[in-house]
Enquirer: 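Can you read through this structure? Questions will come right after.
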Amino acid sequence: MPRVRLLPPACLLLVLLGCAATPPASLFERLGGPAGVSDLMGRTLARAAADPRTQRSFEGIKLSPLQQSLTEQICALAGGGCRYQGETMARVHQDLHIKPSEFDAFVEMLRQEIDRGGSDARAKNELLRLLAPMKQAIVSP
Ligand code: HEM
């Protein structure tokens, strides 16, 4: 008959500690990691560039470098380990004179695209909470 071996209590403790020490997935990972976030930004920018509420700002703008820069920024903000190397939000948006309604429409499209991508509501809200304070720097009269 096979002998059933029980783990000594000290081993059990180590196993439990090992589980507890596993770092939780970063927000960046929960949003889909590099490929998922880049895709999310691409879809959001494509919509913003076509939507009558926001399109005027994107006329003549190359979306692909913007998608890359946004992805890097989200990676830096959401614990993905990147360093954002772009311009400050105030400087890059100041000449666009973005109205609060344009900002809100952009965020609404982003929210809808996160939903379409299948990230959970908690990840979505965490990202939106990180972006909300930027409104002040992005919107200008
Ligand atoms: C939370 C909201 C937003 C974030 C996080 C964000 C982030 C960024 C980033 C990272 C860049 C690139 C900076 C660089 O590479 O140096 C950028 C550029 C730009 N953003 Fe935003 N943005 C936001 C809202 C908006 C809105 C609401 C609009 C227009 C309706 C907009 C239009 C643009 C345009 C047109 C550029 C390119 C400017 C240029 O190349 O001259 N952004 N944004």
Side-chain angles (χ1 to χ4, degrees), residues 2-141:
R3 268 193 336 137
V4 179
R5 289 192 59 198
L6 288 175
L7 284 174
C11 292
L12 201 61
L13 189 65
L14 275 179
V15 170
L16 289 175
L17 281 175
C19 289
T22 307
S26 68
L27 174 58
F28 189 61
E29 285 305 324
R30 286 183 283 130
L31 289 166
V37 171
S38 173
D39 196 53
L40 168 66
M41 291 307 151
R43 296 196 318 266
T44 305
L45 286 172
R47 277 188 63 180
D51 190 298
R53 296 171 296 170
T54 46
Q55 67 183 13
R56 66 158 189 99
S57 301
F58 295 91
E59 267 160 34
I61 298 287
K62 286 206 170 69
L63 295 185
S64 166
L66 185 51
Q67 176 184 359
Q68 259 180 31
S69 188
L70 256 168
T71 303
E72 181 182 83
Q73 189 194 37
I74 303 296
C75 172
L77 277 172
C82 305
R83 197 167 67 85
Y84 172 62
Q85 302 189 63
E87 279 290 354
T88 64
M89 289 298 94
R91 198 173 297 165
V92 80
H93 296 101
Q94 68 188 358
D95 292 341
L96 297 170
H97 303 287
I98 295 172
K99 294 190 270 279
S101 60
E102 292 174 300
F103 182 92
D104 295 342
F106 183 86
V107 171
E108 183 189 302
M109 289 182 253
L110 173 62
R111 183 184 289 134
Q112 287 169 351
E113 291 306 320
I114 298 175
D115 284 340
R116 272 192 46 199
S119 291
D120 63 31
R122 208 176 122 223
K124 175 177 66 180
N125 291 335
E126 280 177 48
L127 177 65
L128 296 176
R129 223 176 295 132
L130 288 172
L131 298 180
M134 293 180 179
K135 182 172 182 174
Q136 229 189 346
I138 290 171
V139 164
S140 63

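We use all heavy atoms of the structure for the numbers below, so side chains are in, but hydrogens, waters and symmetry mates are not. Residues: numbered from 1 along the sequence shown. Numbering of ligands and ligand atoms starts at 1, following listing order.
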Enquirer: Give me the atom names and distance for the closest heavy-atom approach of A48 to F106.
Expert: CB-CD1, 3.7 Å
Enquirer: Donor-acceptor pairs are to be reported for all side-chain atoms of residues 76-89 against protein atoms at under 3.5 Å, with residues two or more places apart or in another chain.
Expert:
| from | atom 1 | to | atom 2 | distance (Å) |
| --- | --- | --- | --- | --- |
| Y84 | OH | E87 | N | 3.3 |
| Y84 | OH | E87 | O | 2.7 |
| E87 | OE1 | R91 | NH1 | 3.4 |
| T88 | OG1 | R91 | N | 3.1 |

Enquirer: Heavy-atom count around Q55 CD within 6.0 Å, excluding the residue itself: above 12?
Expert: yes
Enquirer: Are V139 and K99 packed together at the side-chain level, in the sense that at least one heavy-atom pair is separated by less than 4.5 angstrom?
Expert: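 Side chain of V139 against side chain of K99, heavy atoms only: no contact under 4.5 Å found.
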Enquirer: Please list the nearest protein heavy atom to atom 15 (O) of ligand 1 with its residue and the distance rounded to 0.1 Å.
Expert: S69 OG, 2.7 Å
Enquirer: Excluding waters, which protein N, O or S atoms are within less than 2.8 Å of atom 21 (Fe) of ligand 1?
Expert: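 Atoms qualifying: H93 NE2.
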Enquirer: Treating S69 as the side-chain partner and P65 as the backbone partner, does any N or O pair qualify as donor plus acceptor under 3.5 Å?
Expert: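 Checking the backbone N and O of P65 against the side chain of S69, no donor-acceptor pair under 3.5 Å is found.
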Enquirer: Distance to 0.1 Å, residue and atom name: give those for the protein heavy atom nearest to atom 32 (C) of ligand 1.
Expert: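 Its nearest protein heavy-atom neighbour is F58 CZ, 3.5 Å.
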Enquirer: I need the atoms of ligand 1 closer than 4.0 Å to a non-hydrogen atom of M134, numbered in the order shown.
Expert: 5 (C)
Enquirer: Considering only non-hydrogen protein atoms, determine which one is nearest to atom 13 (C) of ligand 1 and report residue, atom name and distance to 0.1 Å.
Expert: Y84 OH, 3.3 Å
Enquirer: Does anything in residues 57-66 pair up under side-chain hydrogen bond (donor to acceptor under 3.5 Å, both in side chains), and if so which pairs, sequence neighbours excluded?
Expert: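 Residue pairs passing side-chain hydrogen bond (donor to acceptor under 3.5 Å, both in side chains), neighbours aside: none found.
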Enquirer: I need the atoms of ligand 1 closer than 4.0 Å to a non-hydrogen atom of F103, numbered in the order shown.
Expert: 1 (C), 2 (C), 27 (C)
Enquirer: Does the side chain of E108 reach to within under 4.5 Å of the side chain of D104, using non-hydrogen atoms?
Expert: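 No, side chains not in contact.
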Enquirer: Which side-chain N or O atoms in residues 109-117 pair as donor and acceptor under 3.5 Å with protein atoms at least two apart or in another chain?
Expert:
| from | atom 1 | to | atom 2 | distance (Å) |
| --- | --- | --- | --- | --- |
| Q112 | OE1 | R47 | NH1 | 3.1 |
| Q112 | OE1 | R47 | NH2 | 2.7 |
| E113 | OE1 | R43 | NE | 2.8 |
| E113 | OE1 | R116 | NH1 | 3.2 |
| E113 | OE2 | R47 | NH1 | 2.9 |
| D115 | OD1 | K124 | NZ | 2.9 |
| D115 | OD2 | K124 | NZ | 3.4 |

Enquirer: Near E87, which atoms of ligand 1 are under 4.0 Å from a heavy atom of that residue?
Expert: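 Atoms satisfying the 4.0 Å criterion: 14 (C), 16 (O).
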Enquirer: Name the closest protein heavy atom to atom 5 (C) of ligand 1, giving the residue it belongs to and the distance to 0.1 Å.
Expert: Q73 OE1, 3.3 Å
Enquirer: Among all protein heavy atoms, pick out the one at the shortest distance from atom 41 (O) of ligand 1; state its residue, atom name and that distance to 0.1 Å.
Expert: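 Ranking protein heavy atoms by distance from atom 41 (O) of ligand 1, first comes I61 CD1, 4.0 Å.
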Enquirer: Could D120 and R122 be called an ion pair, given the rule that one side-chain N must be under 4.0 Å from one carboxylate O?
Expert: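 No, this pair does not count.
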Enquirer: Under a 4.5 Å cut-off applied to non-hydrogen side-chain atoms, are K135 and I138 in contact?
Expert: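 No; the side chains remain at least 4.5 Å from each other.
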